[in-house]
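Just below is one structure, and these are the notes that go with it.
Each chain gets a letter, A, B and so on, in the order the sequences are listed, and its residues count up from 1. Quick caveat, the model's predicted, so the values are computed rather than measured. Heavy atoms only: backbone and side chains are in, while hydrogens, waters and symmetry mates are out.
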Number of protein chains: 2
Amino acid sequence: MQIKIAIVDDKASNRNILHDMLQRHGHFNITLLAADGKDFLDKMQQIEEKKMPDVVLMDLEMPNMDGVAAIAAGSSLYPSVKFVVLTIFDDEDKIFKAIKAGAFGYLLKDESAENITDTLWQMYENGSGPISPGIAFKMLQLMQKNDLKPTLASAANKQENFFQLSEREQEILRMLAKGLGYREIGIQLNISVNTAKKHVINVYHKLHVNSRAQALSLAYDKGML
Amino acid sequence: MQIKIAIVDDKASNRNILHDMLQRHGHFNITLLAADGKDFLDKMQQIEEKKMPDVVLMDLEMPNMDGVAAIAAGSSLYPSVKFVVLTIFDDEDKIFKAIKAGAFGYLLKDESAENITDTLWQMYENGSGPISPGIAFKMLQLMQKNDLKPTLASAANKQENFFQLSEREQEILRMLAKGLGYREIGIQLNISVNTAKKHVINVYHKLHVNSRAQALSLAYDKGML
DNA sequence: TAACAATGTATCCGATTGGATTATTGGTAA
DNA sequence: TTACCAATAATCCAATCGGATACATTGTTA
């Protein structure tokens with residue numbers, strides 16, 4: 001089975017190299033070539049049904065209309081078409097924008113030729129999108145440092161609880177964060193000083209730390225406070 | 001150069017298979033084996049310096065303490081150690097939690113043996129984290145449907161210094177945030193324990209607090225850390 | 001030069017903390 | 001109903017902390 005491919009890149013040399021590379025593989029059939037986003041969308045409007053691409057390889061920086069805009073428009077107009085970014089840019093901003101625009105994959109041009117065709121092909125075998133390892137890692141870092149908004153309305157800011165602290169222990173942790181000592185915790189929670197202390201020590205054990213400062217730095221670090 | 005690896009998995013058979021697989025590769029040196037998160041953290045506390053792992057391969061579902069909790073604690077306690085998830089689970093929830101907990105990579109166990117060792121090895125050649133293609137795609141989908149909070153990136157993160165702490169005192173404050181005691185601070189900064197203590201007390205005075213916990217909560221609150 | 005701030009050192013002492021251990025109670029899952 | 005666990009409580013002890021106070025050395029500023 002052949003995969004129909006479109007190539008969108010403003011440099012003719014790039015289009016040719018890619019074209020040849022894919023053609024040699026045997027499983028790819030290049031049915032559309034365009035020099036920029038606008039050109040691509042124009043050609044898509046008139047294309048014959050049987051040449052409608054399965055996958056669009058899209059460069060990002062182009063005149064007239066850039067790749068992100070083309071993906072945004074194209075993924076809405078042709079929902080069944082998979083848009084794969086193929087570019088030299090690997091900065092967070094571009095990655096993020098392309099993904100939000102609806103990119104199905106993100107490949108770096110400096111990947112070896114075999115790597116690109118192989119990854120594209122694998123995408124069809126296992127159904128997942130083609131993503132360069134470097135891009136995958138950048139995505140991970142993006143997710144790590146940016147908080148995701150709750151997808152659902154009210155499911156709002158529920159605190160993480162990696163360490164399975166009990167309700168009481170979380171309460172104790174918040175007391176520690178206020179800078180309270182055993183005695184004060186005991187008073188505020190109406191329990192004995194000894195009990196307060198026991199809780200604190202239990203929290204330490206669960207967090208694998210052995211001081212207030214360590215517990216707090218871990219708690220703040222992991223967004224538990 | 002050899003990469004020191006730790007393996008954390010509750011099933012002995014998995015540990016053995018992985019152990020052999022990595023050993024055969026030649027570039028990996030397994031220095032720590034643990035049956036669950038708790039076991040792992042315990043062993044890390046006592047491990048010899050020269051056996052401190054570079055990379056920890058962590059299963060997710062384990063008794064006592066699961067992989068996510070172990071990564072959350074471990075990545076804070078040992079910032080230089082890279083935690084790589086190695087599991088059979090590829091659902092969004094687990095992926096997301098593991099990444100937020102500080103995972104450096106995410107590999108699926110059903111990957112072929114060569115694939116796992118190769119990906120791990122490549123991680124060292126190009127510096128990026130090892131991520132299974134399927135996981136990368138799931139991450140992309142996660143980003144697509146979840147809104148990211150303001151990319152903040154460059155802008156706002158300049159450190160405030162409301163309390164006019166001296167350079168040294170800010171340094172001391174960071175030591176406190178790490179959970180160090182007087183003795184340890186002294187050693188790290190090459191000053192006497194007494195001096196370390198004097199600095200700490202001075203910081204307290206400037207912040208108008210009288211305990212580590214209060215100092216830290218104030219510092220975190222005011223964005224000084 | 002005199003004053004000053006930041007840094008470094010030291011000692012004394014009571015208060016607090018961290019750790020280990022043991023035990024009772026009430027709720028709940030097997 | 002037994003078994004388990006969270007929450008409660010207490011005791012002992014060593015280690016650490018917080019506070020006060022005194023003094024020496026720099027480097028900078030008035």
Side-chain angles (χ1 to χ4, degrees), chain A residues 159 161-219 224, chain B residues 36-38 41-46 62-66 69 73 76-77 159 161-219 224:
Chain A
Q159 308 293 25
N161 184 12
F162 297 126
F163 301 97
Q164 322 214 75
L165 298 187
S166 70
E167 276 301 322
R168 201 51 155 173
E169 285 162 349
Q170 294 181 48
E171 208 172 356
I172 293 286
L173 185 55
R174 289 192 292 275
M175 303 268 125
L176 290 182
K178 285 194 210 163
L180 305 185
Y182 294 135
R183 185 179 3 270
E184 297 160 294
I185 295 177
I187 292 171
Q188 288 229 5
L189 298 183
N190 269 312
I191 56 179
S192 129
V193 194
N194 307 297
T195 308
K197 178 173 171 178
K198 179 72 168 99
H199 286 313
V200 171
I201 301 285
N202 285 341
V203 170
Y204 289 175
H205 283 158
K206 288 199 180 177
L207 301 193
H208 288 266
V209 299
N210 50 23
S211 78
R212 280 158 157 71
Q214 289 175 355
L216 292 185
S217 102
L218 189 57
M224 300 162 71
Chain B
D36 60 63
K38 181 146 179 18
L41 290 177
D42 287 346
K43 284 178 174 163
M44 282 290 276
Q45 284 191 320
Q46 304 165 265
M62 294 180 292
N64 291 322
M65 179 189 267
D66 72 15
S76 285
L77 263 34
Q159 306 295 23
N161 185 13
F162 299 119
F163 301 95
Q164 322 217 74
L165 298 187
S166 70
E167 275 301 321
R168 201 50 154 177
E169 284 162 350
Q170 295 182 47
E171 208 172 357
I172 294 285
L173 184 55
R174 288 192 293 275
M175 304 265 125
L176 290 182
K178 284 195 212 164
L180 305 185
Y182 294 136
R183 187 182 356 274
E184 297 160 296
I185 295 176
I187 292 171
Q188 288 227 5
L189 299 183
N190 266 310
I191 55 179
S192 130
V193 194
N194 307 295
T195 307
K197 180 171 170 178
K198 181 74 166 82
H199 286 310
V200 171
I201 301 285
N202 285 341
V203 169
Y204 289 173
H205 284 158
K206 287 199 180 177
L207 300 192
H208 296 277
V209 300
N210 49 23
S211 78
R212 282 160 156 69
Q214 289 175 353
L216 291 187
S217 98
L218 189 58
M224 300 164 70

To check you understand the geometry: which heavy-atom pair defines the closest contact between Ala215(B) and Tyr204(B), and what is its length? CB-CE2, 4.1 Å
Look up atom [atom1] in [X] and atom [atom2] in [Y], then write down how far apart they are to the nearest 0.5 Å.
X         : Y         : atom1 : atom2 : answer
Met65(B)  : Asp42(B)  : CE    : CG    : 8.5 Å
Leu173(A) : Leu218(A) : CG    : CG    : 9.0 Å
Asn190(B) : Ile185(B) : CG    : CD1   : 13.5 Å
Met175(B) : Gln170(B) : CE    : CD    : 12.5 Å
His208(B) : Phe163(B) : NE2   : CZ    : 7.5 Å

What's touching nucleotides 22-27 of chain D from the protein side, N or O pairs under 3.5 Å?
none

Is any side-chain heavy atom of Ile172(A) closer than 4.5 Å to one of Leu189(A)?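 The answer is yes, as the side chains (C-beta and beyond) meet within the 4.5 Å cut-off.
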side-chain contact (heavy atoms from CB on, under 4.5 Å) with [X]: which residues, sequence neighbours excluded?
X         : value
Ser217(B) : Tyr220(A)
Asn210(B) : Gln214(B)
Asn64(B)  : Asp36(B), Lys38(B)

In whole angstrom, what separates [X]'s [atom1] from [N]'s [atom2]?
X         : N       : atom1 : atom2 : value
Ile185(B) : dT9(C)  : CD1   : P     : 14 Å
Gln170(A) : dA7(D)  : CD    : P     : 10 Å
Leu189(A) : dA7(D)  : CG    : C1'   : 12 Å
Ile172(B) : dT9(C)  : CD1   : C1'   : 14 Å
Glu167(B) : dT28(D) : CD    : P     : 14 Å
His205(B) : dA6(C)  : NE2   : P     : 15 Å
Leu165(A) : dC5(D)  : CG    : P     : 17 Å
Ile187(B) : dT9(C)  : CD1   : P     : 13 Å

Those residues at least two apart in sequence (or on a different chain) that pass salt bridge (Lys or Arg N to Asp or Glu O under 4.0 Å) with Arg168(A) are Glu171(A)
Mind jotting down which residue pairs meet the salt bridge (Lys or Arg N to Asp or Glu O under 4.0 Å) criterion with at least one end in residues 204-215 of chain B? Sequence neighbours excluded, please.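 Those involving residues 204-215 of chain B are Glu169(B)-Lys206(B).
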Residue pairs passing the salt bridge (Lys or Arg N to Asp or Glu O under 4.0 Å) test where at least one lies in residues 172-199 of chain A, sequence neighbours excluded: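 Every pair satisfying salt bridge (Lys or Arg N to Asp or Glu O under 4.0 Å) with a residue in residues 172-199 of chain A: there are none.
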Hey, what bend do you get for the helix from dT1(C)-dA30(D) to dA29(C)-dT2(D) if you fit axes on five pairs at each end, rounded to 10°?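 End-to-end axis angle: 40°.
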Hey, is the side chain of Thr195(B) poking within less than 4.0 Å of OP1 or OP2 on dT9(C), counting only N and O atoms?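 Indeed, a polar side-chain atom of Thr195(B) lies that close.
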For nucleotides 11-18 of chain C, list the nitrogen or oxygen atoms of the protein found under 3.5 Å from its nitrogen or oxygen atoms, one pair per line.
unit_1	atom_1	unit_2	atom_2	d
dT16(C)	OP1	Arg183(A)	NH2	2.8
dT16(C)	OP2	Arg183(A)	NH2	2.7
dT17(C)	OP1	Arg212(A)	NH2	3.2
dT17(C)	OP2	Tyr182(A)	N	3.4
dG18(C)	OP1	Tyr204(A)	OH	3.3
dG18(C)	OP1	Arg212(A)	N	3.2
dG18(C)	OP2	Tyr182(A)	OH	2.9
dG18(C)	OP2	Tyr204(A)	OH	2.9
dG18(C)	OP2	Arg212(A)	NH1	2.3
dG18(C)	N7	Lys197(A)	NZ	2.9
dG18(C)	O6	Lys197(A)	NZ	2.4

With respect to Tyr182(A), which candidate in Val200(A), Thr195(A), Ile187(A) satisfies the side chain to side chain contact (heavy atoms under 4.5 Å, CB included) definition?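 Of Val200(A), Thr195(A), Ile187(A), side chain to side chain contact (heavy atoms under 4.5 Å, CB included) with Tyr182(A) is met by Val200(A) alone.
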With the sugar-phosphate defined as primed atoms, P, OP1 and OP2, and the base as all remaining atoms, what B/S/- string results for nucleotides 24-30 of chain C, 5' to 3', for protein heavy atoms under 4.0 Å? -------
Counting only side-chain heavy atoms from C-beta out, which of dT8(D), dA6(D), dT7(C) sits nearest to His199(B)? dT7(C)
Taking the minimum atom-to-atom distance to the side chain of Ser192(A), which one of dT9(C), dA10(D), dA7(D) wins? dA10(D)
